[in-house]
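Numbers restart at 1 for each chain; the letters A, B, ... are given by sequence-line order, proteins then strands.
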There are 2 protein chains.
Amino acid sequence: MQQKSGRRSNRDRTEATRADLIAAARKLFTEKSYAETGTPEIVAAAGVTRGALYHHFADKQALFAAVVEQEAAVVAEEIERASPPSLFARDALIAGSDAYLAAMRAPGRTRLLLLDGPAVLGRAAMDEIDNRHGNRTLREGLVAAMRAQSMVKLPVEALTALFAAAFDRAALAVDAGASADDYRAVLMALIDGLSPVPHQAPRPARTR
Amino acid sequence: MQQKSGRRSNRDRTEATRADLIAAARKLFTEKSYAETGTPEIVAAAGVTRGALYHHFADKQALFAAVVEQEAAVVAEEIERASPPSLFARDALIAGSDAYLAAMRAPGRTRLLLLDGPAVLGRAAMDEIDNRHGNRTLREGLVAAMRAQSMVKLPVEALTALFAAAFDRAALAVDAGASADDYRAVLMALIDGLSPVPHQAPRPARTR
DNA sequence: TTATTAACATACAGGCTGTATGTATGCAAC
DNA sequence: GTTGCATACATACAGCCTGTATGTTAATAA
């Protein structure tokens, strides 16, 4: 057994260093913004030098992309864990949206994923990341709802993107201090609005 | 009459220089991104020096804010010009959304207003700007629709924000090459989804 | 064992931002 | 109209940051 500073395989070293860099960067990128965080600060927090950073990542943007990727995965995981697959597509959709809003309350997460992410990496790259993680569940939920006849048929890509956009903005607003209830109510109204016949199943009287 | 290089009043000089800087910055910010555009490049394009820039603007961000402000005003103006006030709230809403999508096809506008803007100035600042220009019309349209009983009652702020978010994402997607028809169809479905179905009892909805 | 490559650390070269300083011109008071 | 101050800049400077080039040590393949 080799000690911390003993001899380690190259693969272990790489893995550990990359993880340290991503963790340090994640912390700083969520505390401050991408632009306000310098690489000297990141490597200091990670306990390495800029040489290590530029050995493992092409540039600052690539490190940022890795952080975003990881964070998106964490969010997706939190959603899947928090929202058990419901029998009714509509309920699953709502549970998922609640879970998303809850997950996005982690400090700095909205800025990282919803502001800096799109600006630094571009919408296309963010779409690609989102589709690989969180949005996948959303799209599947929407498709399921459409198949179950509980939602009118619409272009899937566009529908997913616009719902995702609404969820994102809601997360931003709630994070900024807006009423979560208000945004939740509108989101539910948007979902229910797409149900083909009048209005979905008897809604459990929300009237307190 | 004094010539271009003759003696001009200070107020005229200030006005002209500020306008030149904003125009040059707008051009570069739409061609490239905020981060990729340096102040040396901007002042060169404007025909002044960095001294002038920092005399008139606190920093690069302040100049960017001025550009965004102006561009948002232009978009709002294009919308109002293109969408005649319709008798029916729903039609006005759709006309406005079409006008918005059309206006946002101007090169670089989506990145300026929808990506760099929020990232550089923050969502709160962008909301403030939007509410002063484009979103105002949207909110009024929604309120009118709700008043006309052609839309269920929902919290106005949240409703406006989420619709704006959907429009924004649609503009981004269309600008990126997605099918405008698809996004238009979903947007219309979302709008129509909120209209209380004729033969449907008015649902108890809380206002604000 | 030796050769090669990976994993860094260190040193360096621009470029950019914001500020400090200098200068000429408009403008207001006398 | 001259004097004095403020405005509108231009120029010069300091600090930081990014990306690259180079050097060194340790792992791994031959």
In B/S/- notation (B base, S sugar-phosphate only, - none; protein heavy atoms under 4.0 Å), nucleotides 5-21 of chain C written 5' to 3' is --BBBB-----SBBB--
Requested in this report: Kindly check if the number of other-residue, nucleotide or ligand heavy atoms within 6.0 Å of CZ (B:Arg105) is above 12?
Outcome: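 Open: at most 12 neighbouring heavy atoms sit under 6.0 Å from CZ of B:Arg105.
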ask   = Can you tell me if CZ on B:Arg136 sees more than 12 non-hydrogen neighbours from other groups inside 6.0 Å?
value =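 Buried by this count: over 12 neighbours within 6.0 Å.
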Legend entry - Under-4.0 Å salt bridge between A:Arg109 and A:Asp175: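 Judged by the 4.0 Å cut-off on N to carboxylate O distance, A:Arg109 and A:Asp175 do not form a salt bridge.
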Main-chain N/O of A:Tyr34 paired with A:Lys60 side-chain donor or acceptor, under 3.5 Å: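 Yes: the side chain of A:Lys60 pairs with the backbone of A:Tyr34.
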(Q) Please determine whether side chain to side chain donor-acceptor pair (under 3.5 Å) holds for the pair A:Arg50 and A:Thr39, giving the CA-CA distance in whole Å, both sets of side-chain angles, and the decisive distance to 0.1 Å. (A) CA-CA 7 Å; A:Arg50 295 182 60 246; A:Thr39 54; 3.1 Å; yes
